[in-house]
Amino acid sequence: MLDFIKNLEWADLFLMISVLILLVLFLFRGRGGSIKKLPASNRMGGYSLFYADQKQNGKNEENFGKLLHSTEYELQGKPDYIYRKRFGKRLVPVELKSGKIGDDPLPHRGDLLQLAAYFLIIEDVYQVRPKFGRLVYSDYMFVIKNTKSLRKEVLNTTKEMREMLIYGVGKANPSFVTCRYCVCNGTVCEYSGTEIIGGKGNESSCGEE
């Protein structure tokens with residue numbers, strides 16, 4: 001191996017090092033770049049309001065206030081806002097949440113799947129696939145890319161929900177992370193530690209011993 005390196009010219013060695021650096025940067029970007037946590041902001045530079053779930057100050061825009069329905073994915077909903085690129089067709093859904101996210105590095109899973117469902121609805125209704133969207137909490141916001149893995153997750157989740165409606169049964173996947181903000185946690189859920197409502201002991205709820 002040492003003899004091989006000695007026989008390399010400086011130009012070849014520099015090229016190899018450059019390729020390795022680019023490869024490392026590409027892998028690093030692919031791992032952690034799909035969700036970014038930033039200070040909360042309502043600014044959408046370069047975009048104009050395209051849709052809102054309610055009428056806006058008496059405006060009669062066709063897209064304001066209507067329920068969006070996707071026949072392909074059998075989903076419907078009303079995102080809080082959709083912004084459109086002023087010069088182009090890019091659409092960005094924005095969902096507002098009144099609560100705080102605090103130190104959590106990721107958004108609540110239910111909120112994430114809700115935004116992912118809006119990705120699918122917008123794609124079907126407006127024939128434009130959003131590249132990203134925003135989840136805005138009162139203290140922080142998340143810029144979330146519309147990745148293949150997120151798309152697959154929401155499709156699998158909606159499939160499970162439909163099966164639950166049809167057959168009346170479903171597979172539970174209890175965990176502290178997914179159950180901690182559920183309204184049923186500590187109350188009516190059979191997987192929850194109902195005798196422990198708060199404090200450190202609640203971290204063992206949802207069936208985790």
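The basis for the numbers below is simple: all heavy atoms, side chains too, and nothing from hydrogens, waters or symmetry mates. From a predicted model like this one, the values you see are computed outputs, not experimental measurements.
Residues D139 and G102 share a closest heavy-atom pair of OD2-N, 2.9 Å. Minimum heavy-atom separation, Y47 to V92: CE2-CG2, 3.6 Å. Closest approach of L112 to I144, counting heavy atoms only: CD1-CD1, 3.5 Å. Of all heavy-atom pairs between D124 and E72, the closest is OD2-N, 3.1 Å. In terms of heavy atoms, Y140 sits closest to I101 at CB-CG2, 3.6 Å. The shortest heavy-atom contact between P130 and P93 is CB-CD, 4.0 Å.
The main-chain N or O of D104 is found under 3.5 Å from a side-chain atom of K37 such that the two form a donor-acceptor pair. Not one N or O on the side chain of S48 forms a donor-acceptor pair closer than 3.5 Å with the backbone of R86. Side-chain atoms of E95 come within 3.5 Å of backbone atoms of D80 as a donor-acceptor pair (strictly under, hydrogens ignored). Using a distance-only test at 3.5 Å, with no hydrogens or angles considered, no donor-acceptor pair links the side chain of D111 to the main chain of P107.
If you take CG on L67 and NZ on K78, they are separated by 6.5 Å, rounding to the nearest 0.5 Å. Atom CE of residue M44 and atom CG of residue L49 lie 10.0 Å apart, to the nearest 0.5 angstrom. Considering CG of N156 and CD of E160, their distance stands at 6.5 Å, rounded to 0.5 Å.
Ion pairing between E123 and R151 holds under the 4.0 Å rule for side-chain N and carboxylate O.
A centroid separation of 6.0 Å or more is found between the aromatic rings of F142 and H108.
For K66, the NZ atom is densely surrounded, since the number of other residues' heavy atoms within 6.0 Å is greater than 12.
The hydrophobic cluster containing F87, built from Ile/Leu/Val/Met/Phe/Trp/Tyr side-chain heavy atoms closer than 4.5 Å, comprises no other residue. Hydrophobic cluster membership for Y126: F50, Y51, L68, Y73, L75, I82, L91, L113, Y118, L120, I121, I122, V125, V128, V154, L155 (Ile, Leu, Val, Met, Phe, Trp, Tyr linked by side-chain heavy atoms under 4.5 Å, directly or transitively).
Side-chain contact between I35 and K145 is absent, with no heavy-atom pair separated by less than 4.5 Å.
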Original post:
Would L135 and M141 satisfy side-chain contact (heavy atoms from CB on, under 4.5 Å), going step by step from the backbone distance to the final call?
Top reply: CA-CA 6 Å; L135 276 174; M141 72 176 183; over 6 Å; no
**OP:** Kindly indicate, with the supporting measurements, whether the criterion side-chain contact (heavy atoms from CB on, under 4.5 Å) is fulfilled by K89 and R84.
**Re:** CA-CA 6 Å; K89 297 182 179 180; R84 182 171 61 185; 5.6 Å; no
Original post:
For E153 and R109, what are the C-alpha separation, side-chain angles and deciding distance, and is it a side-chain contact (heavy atoms from CB on, under 4.5 Å)?
Top reply: CA-CA 11 Å; E153 183 177 358; R109 184 173 181 271; 3.2 Å; yes
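A donor-acceptor contact closer than 3.5 angstrom is absent between the side chains of D53 and Y81.
Each of L150 and M161 belongs to its own hydrophobic cluster when Ile, Leu, Val, Met, Phe, Trp and Tyr are linked at side-chain heavy-atom distances under 4.5 angstrom.
Taking the side-chain hydrogen bond (donor to acceptor under 3.5 Å, both in side chains) definition, one finds that E74 meets it with nothing, sequence neighbours left out.
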